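Just below is one structure, and these are the notes that go with it.
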Protein chains: 2
Amino acid sequence: MTQDAIERSTFGFRPLYMQVRDVMMSRLIDGIWKPGTIIPSEIDLAREMDVSQGTVRKALDSMTAENLLVRRQGRGTFVAEMEESNILFQFFRLESDATSGSKNFPESQVVSVSSRNANEFEMSSLKAEVGEKIWHVERRRLLDGQAVVVESIFAKESSFPALGDTAPMPNNLYRLYSETYGKTIAKADEKLKAINANANDAKHLNCEQGTALLLIERIGFGLNGEPLELRLSRCLTANFHYRNTLR
Amino acid sequence: MTQDAIERSTFGFRPLYMQVRDVMMSRLIDGIWKPGTIIPSEIDLAREMDVSQGTVRKALDSMTAENLLVRRQGRGTFVAEMEESNILFQFFRLESDATSGSKNFPESQVVSVSSRNANEFEMSSLKAEVGEKIWHVERRRLLDGQAVVVESIFAKESSFPALGDTAPMPNNLYRLYSETYGKTIAKADEKLKAINANANDAKHLNCEQGTALLLIERIGFGLNGEPLELRLSRCLTANFHYRNTLR
DNA sequence: GAGTGGTCTAGACCACGGT
DNA sequence: CCGTGGTCTAGACCACTCC
C-alpha cells in the first residue's frame with residue numbers, strides 16, 4: 001500500500017489498521033492466501049504496506065478474533081482451516097449429555113441430492129434470483145452411533161457448480177466449500193425452535209411422531225458476507241444438547 | 001502497583017497487562033467500581049500502577065471485549081450495567097419470528113417463591129453444600145402479550161439472603177443481583193433441548209400437552225467465576241425463536 | 001480549550017519453535 | 001542461533017465530548 005492509497009479525510013475516515021485489514025481480507029477472499037498456509041510475517045507485511053508493525057498487528061489481531069487466522073508464537077500466522085477439530089467448537093454445537101462424552105465429528109448418511117428452482121424462502125435466505133437453480137441435499141447424521149439429526153441443505157448452483165455430482169459427498173461440507181470452491185464459511189446466523197417430529201423424522205431418527213425436536217435454521221455466510229448455504233437441521237435431543245455461552 | 005509487585009520469572013510468567021487486568025477485575029468484584037460509574041482515565045490508571053498507558057489500554061480492551069466495561073470516546077470508561085437495552089442482546093435471545101418485530105424486554109408474572117434444601121442437580125450446578133437452602137422462583141414470561149416462557153430459577157440463600165422477601169419481584173433479576181447484592185452475572189453457559197409440554201406447561205402457555213418446547217438450562221456465573229443462578233426456561237417457540245451467531 | 005479515548009509510530013526486549 | 005509472534009514503553013497526533 002502506498003501513502004497515496006491512504007485516505008485520511010475526516011469525511012470518510014477509516015483507520016489505517018482497518019485499511020490494512022481490508023487488503024488482507026481481500027487476499028483471503030481472492031484465494032491468494034489459502035486455508036492452512038502461512039502468511040508473511042508482521043515485519044514483511046509492515047514493510048510491504050509501508051505501515052508500522054503495530055498497525056499490521058492490530059489488523060491481524062482483529063482477524064484472529066474472528067477465527068479467520070491462527071497465530072502461533074515462534075512459527076507464524078496461518079489461514080484458518082475447516083478442520084474437524086476447529087469446526088467442532090465453532091460450528092457444531094451438539095454434544096452428548098453424558099459428561100464423559102468426548103466430542104466427536106458426526107457421521108453423515110446422504111439420503112438424496114437433487115436440484116430444483118428456488119422457492120420463496122430459499123430465494124430470500126440465499127439472495128437467489130427468481131427461478132434460480134438450487135441444490136438440495138438431504139442427509140442423516142449420527143453421533144456416537146445414534147441417528148440424531150435429519151438435515152436439509154440448500155445452496156445455489158451458481159455458487160457451487162456440479163456440487164451434486166460430488167461422490168462420495170463428504171462428511172464435512174464446509175471444508176468442501178472451502179477447498180474445492182474457494183468459498184469459506186466465515187460466519188453463520190442461526191434461529192432455533194422446538195418442533196414436533198413428523199413421519200419422516202420419526203422414520204429417520206427412530207422415534208415416535210410428535211417427539212420434540214430442535215430445529216436449527218442456519219444461514220452460512222462467506223468471507224465477503226454473501227449468504228452461501230441454508231441448512232435446516234432437525235435434532236433429536238433426548239441424549240444430546242446444544243451448548244452456548246453468553247457474555 | 002509497585003515494581004516489586006510485578007512477577008516476571010519464566011516459571012509463573014503472567015503478562016503485565018494481565019496483572020493490571022487482575023487488579024481492575026478485583027475492583028469490580030469488590031464493588032469498588034460500581035456498575036454505571038466512570039472509572040479513572042487511562043493516564044491516571046497508568047500513573048497509579050506505574051505502567052505505560054498502552055499496557056493499561058490492553059487490559060481495558062480485554063475487559064471491554066467481555067462486556068464488563070464500556071468505553072466512550074471523549075467521555076471515559078464506564079462499568080457495564082444490567083440495563084434492558086444491553087441485556088436484550090447479551091442474555092435474552094428469544095425474538096419474534098416477524099421480521100418487523102422490534103425487540104422488547106419480556107414482562108414477568110411470578111407464580112411462586114419458596115425455599116428448600118438443594119437437590120443433587122442444584123448442588124452440582126450451583127456448587128452448593130448438602131442440605132444448603134436454595135431459593136426457587138417460578139414465573140411466567142410474556143412477550144408481545146403472549147405467554148411464551150415458564151421459568152424456574154434457583155439460587156443459593158447464602159448468595160442472596162432475603163431474596164424471597166423482595167416485593168415486588170422485579171422483571172430484571174440480573175439487575176437486582178447486581179445492584180442489591182453486588183453480584184454481577186458476567187457469563188452464562190446454556191444447554192438447549194427440545195421437550196414435550198407437560199400439563200403445567202400447557203396450562204401456563206395455553207397450548208396442548210405434548211407441544212414441542214425449547215428448554216434452556218442456564219447457569220449464570222459471577223465476575224469471579226462462581227455459579228450464582230440456575231435457570232430452567234421452557235419456551236413456546238411457535239411464533240418466536242432463539243437467535244445465535246457463530247464465528 | 002481541556003480532557004478523554006483512538007490511532008500510529010519506532011524501538012526494545014521476551015518467549016517460543018525450529019535449525 | 002535465528003526468525004517468529006508477544007509484551008512493553010514513550011511519545012505524537014487525531015476524533016470526540018463537554019464546558
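Naming: A, B, ... by sequence-line order, numbering from 1 per chain. This one's a predicted model, so the numbers in the text were calculated from it and none came from an experiment.
For B:L60 and C:dG6, the CG to P distance is 9 Å, given to the nearest whole Å. Taking atom CG of B:L16 as the reference point, atom P of D:dA10 lies 11 Å away to the nearest angstrom. One interatomic measurement links the two molecules: CZ of A:R47 to C1' of C:dG11, which rounds to 15 Å at whole-angstrom precision. In this structure, B:E42 atom CD and D:dT9 atom P are separated by 14 Å, rounded to whole Å. Computed from coordinates, the A:F13 CZ to C:dG5 P distance equals 18 Å when rounded to whole Å. Atom CZ in A:F78 sits roughly 9 Å away from atom P in D:dG5 (whole-Å rounding). Rounding to whole angstrom units, CZ of residue B:R75 and P of D:dA15 are separated by 20 Å. With rounding to whole Å, B:I38 atom CD1 is found 7 Å from C:dG5 atom P.
The nucleotide whose nearest atom lies closest to any side-chain atom of B:Y17 is, among D:dC8, C:dG6, D:dG5, D:dC8. With distances taken from any side-chain atom of A:R57 to the nucleotides D:dT4, C:dA10, D:dG6, the minimum falls on D:dG6. Closest to the A:S41 side chain, of the nucleotides D:dG5, D:dT7, C:dT9, is D:dG5.
Tested against A:F160 for a ring-ring contact (aromatic ring centres under 6.0 Å, His included), the candidates A:F154, A:W135, A:Y177 yield a single pass: A:Y177.
Note on B:R72: only backbone sugar-phosphate atoms sit closer than 4.0 angstrom, heavy atoms only; bases stay farther off.
Across all non-hydrogen atoms, the minimal contact from A:L45 to A:M24 is CD1-SD, 4.1 Å.
Checking side-chain atoms of A:Y174 against main-chain N and O of A:A186 turns up no donor-acceptor pair under 3.5 Å.
At least one side-chain nitrogen or oxygen of A:T77 sits closer than 4.0 Å to the OP1 or OP2 atom of D:dG5. OP1 or OP2 of C:dT9 lies within a sub-4.0 Å distance of a side-chain N or O belonging to A:T55. Contact check, B:K58 against D:dT7: a side-chain N or O comes under 4.0 Å of OP1 or OP2. Dashed line: the shortest gap from a side-chain N or O of A:R71 to OP1 or OP2 of D:dT4 is not under 4.0 Å.
Place A:Q73 and B:Q73 on DNA chain C by their nearest nucleotides, and B:Q73 ends up nearer the 5' end.
The side-chain tip of A:R72 points at the ring of A:F78 from less than 6.0 angstrom away and within 45° of straight on.
Inter-residue side-chain proximity for A:L230 and A:E217 is flagged as met; some heavy-atom pair is nearer than 4.5 Å.
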